[in-house]
Amino acid sequence: MSGQQEQFQEKTEQATPKRREDARKKGDVARSKELTTMGVMLCGSAALAVLARPIGGGIVDGFTGALVTERAKIMDANYGPQALAEAGVAAVGALAPFFVVVVVAALLSSVALGGWAFSVQAIAFKGERLSVIKGVQRIFSMKSLNELLKAVAKFAVVATAAVIWLWLSSDRLLGLGTQTPGAALGGAAELLVQSLIILSASLLLIAAVDVPFQLWDHAKKLRMTRQEVRDEQKDTEGRPEVRSRIRQLQQEVATRRMMEAVPEAAVIITNPTHYAVALAWDSERMSAPRVVAKGQDLIAARIRALGEEHDVPLFSAPPLARALYASTRIGQEIPAALYTAVAQVLAYIFQLRDFEGPAAEAPEAPEPDVDESLFTGPVRRS
């Protein structure tokens, strides 16, 4: 029943990091074919513009060196294939820098969106790809419609750029007929390279629209239902006993850190047996006394024992101990409502520390007045 409910739930939640990582392991990342096409075309045409003369010169030199030979070698039947092979090697060598630029551009532009993600699962054989029904569904899907619209838009943009460029270059094109063959070929090659750069640059508009769309579409595809998020959290956090053990270890670490702060406390206010709250006070660094440790029963007993071991004064004030325990968390300063009561205790402790007279003349212990409402919960800070 829950599976049927999950099937009809809307995917309104953003994908979790685990969902995105699992999709990446399967090779499912955002990709833009238009970005790759634009990168290859633009870098290829730019490389051709820069390397046109070296490439042309290398090809001409290669063929010239291979085909211009001595009269005696022409009659050799094996010379023709060998010369053509040498000319082909020379042409490939001349074109090698151009091929390197195109290959690097293809690799970088393909991983620019989504990063590198190689997955065997993405290229593995899947029987559903041979299904006629699924094939028809893919043909008439929204994705196919988007691809069709992109193709039409791409054609319109490139065609518009081509028409504008031809109109602007019409005088140069017509002028080629009045030039010598060598000059006309050079001018035509220059126009051809410039045309490739202009038409490739026009693809920037298509890529600028397609990249945000692919990011949005990929994020939409990875969306999850609330039930899927809850199920993932259960799987990630593990079984209840594991979570309980983790919480126990975290509590032990927190308690150990708390106990390490007890020797630095200025006073430990007790209940005297059920509660113990250790307060730290430094007039130069603190605006109010701060709770560094607190506990009930066994934890309170450990705090008292540790305080006695390190000569930290213990002061029995049950209402104040309960109020501090209920109203202040560890590491927080005490609430303003308890300033007066705690100040009375600290003043008494400091007087005892500095007192050197007879016991009969020792300062009298105060009885802090505390509002009983502080026992029920946190206090609002003024």
Side-chain angles (χ1 to χ4, degrees), residues 15 20 23-56 58-59 91-92 94-119 122-123 138-170 172-173 186-222:
R20 291 194 292 267
R24 175 174 289 276
K25 290 179 180 179
K26 297 177 182 178
D28 186 7
V29 295
R31 289 284 185 256
S32 174
K33 296 179 182 178
E34 310 308 326
L35 180 63
T36 303
T37 302
M38 182 273 297
V40 172
M41 291 293 296
L42 195 57
C43 293
S45 57
L48 192 59
V50 175
L51 302 174
R53 291 184 181 277
I55 290 175
I59 293 175
V92 171
L95 289 169
F98 173 75
F99 290 147
V100 169
V101 171
V102 172
V103 171
V104 171
L107 292 175
L108 293 181
S109 58
S110 63
V111 301
L113 187 66
W116 175 264
F118 176 78
S119 173
I123 60 177
R138 284 194 295 268
I139 293 174
F140 295 99
S141 64
M142 286 298 297
K143 185 176 182 180
S144 298
L145 178 60
N146 291 332
E147 293 297 328
L148 176 61
L149 294 176
K150 282 195 300 183
V152 173
K154 188 193 307 184
F155 173 77
V157 171
V158 174
T160 302
V163 170
I164 295 174
W165 174 247
L166 287 174
W167 179 69
L168 295 175
S169 306
S170 57
R172 295 174 61 187
L173 286 172
E190 184 179 352
L191 277 173
L192 178 61
V193 172
Q194 291 177 356
S195 300
L196 285 174
I197 294 176
I198 294 297
L199 297 180
S200 300
S202 66
L203 296 177
L204 281 168
L205 180 61
I206 301 297
V209 175
D210 187 61
V211 168
F213 172 78
Q214 294 298 333
L215 291 173
W216 172 82
D217 185 63
H218 184 258
K220 180 182 177 182
K221 184 171 62 175
L222 294 182

#### Entry: Distance (rounded to the nearest 0.5 Å) between Leu35 CG and Leu204 CG
9.5 Å
### Summary
Residue set satisfying salt bridge (Lys or Arg N to Asp or Glu O under 4.0 Å) with Lys33, at least two apart, ordered chain then number -> none
## Note on the structure
One should read off an interatomic distance between Leu191 CG and Trp165 CH2, to the nearest 0.5 angstrom, of 6.5 Å
### Ile198 CD1 to Leu166 CG distance, which is reported to the nearest 0.5 Å
11.5 Å
### Closest heavy-atom pair and its distance - Cys43, Ala105
CB-CB, 3.6 Å
### Query
Just wondering, do Val157 and Leu203 contact through their side chains at under 4.5 Å, heavy atoms?
no
### Query
Between Ala106 and Ser109, what is the shortest heavy-atom contact and its length?
O-OG, 3.3 Å
### Query
Looking only at heavy atoms, what is the nearest atom pair of Ala47 and Val101, with distance?
CB-CG1, 3.6 Å
### Task
Measure across Ser110 and Thr36 and return the closest heavy-atom pair with its distance rounded to 0.1 Å.
CA-OG1, 3.5 Å
### Summary
Tightest non-hydrogen contact, residues Ala201 and Leu42, listed as N-CD1, 3.9 Å
### Task
Report the distance from atom CG of Leu192 to atom CG of Leu48, rounding to the nearest 0.5 Å.
7.5 Å
#### Entry: Residues that Arg20 engages under side chain to side chain donor-acceptor pair (under 3.5 Å), provided they are two or more places apart
none
### Message
Measuring from atom CG of Leu199 to atom CD of Gln194, what distance do you get when rounded to the nearest 0.5 angstrom?
### Response
11.5 Å
### Closest non-hydrogen atom pair between Phe98 and Gly44, with its separation
CE1-O, 3.2 Å
### Query
Measuring from Asp217:CG to Ser32:OG, what's the distance to the nearest 0.5 Å?
11.5 Å
### Message
With a 3.5 Å distance limit and no angle check, can you tell me whether Thr37 reaches the backbone of Glu34 through a side-chain donor-acceptor pair?
### Response
no
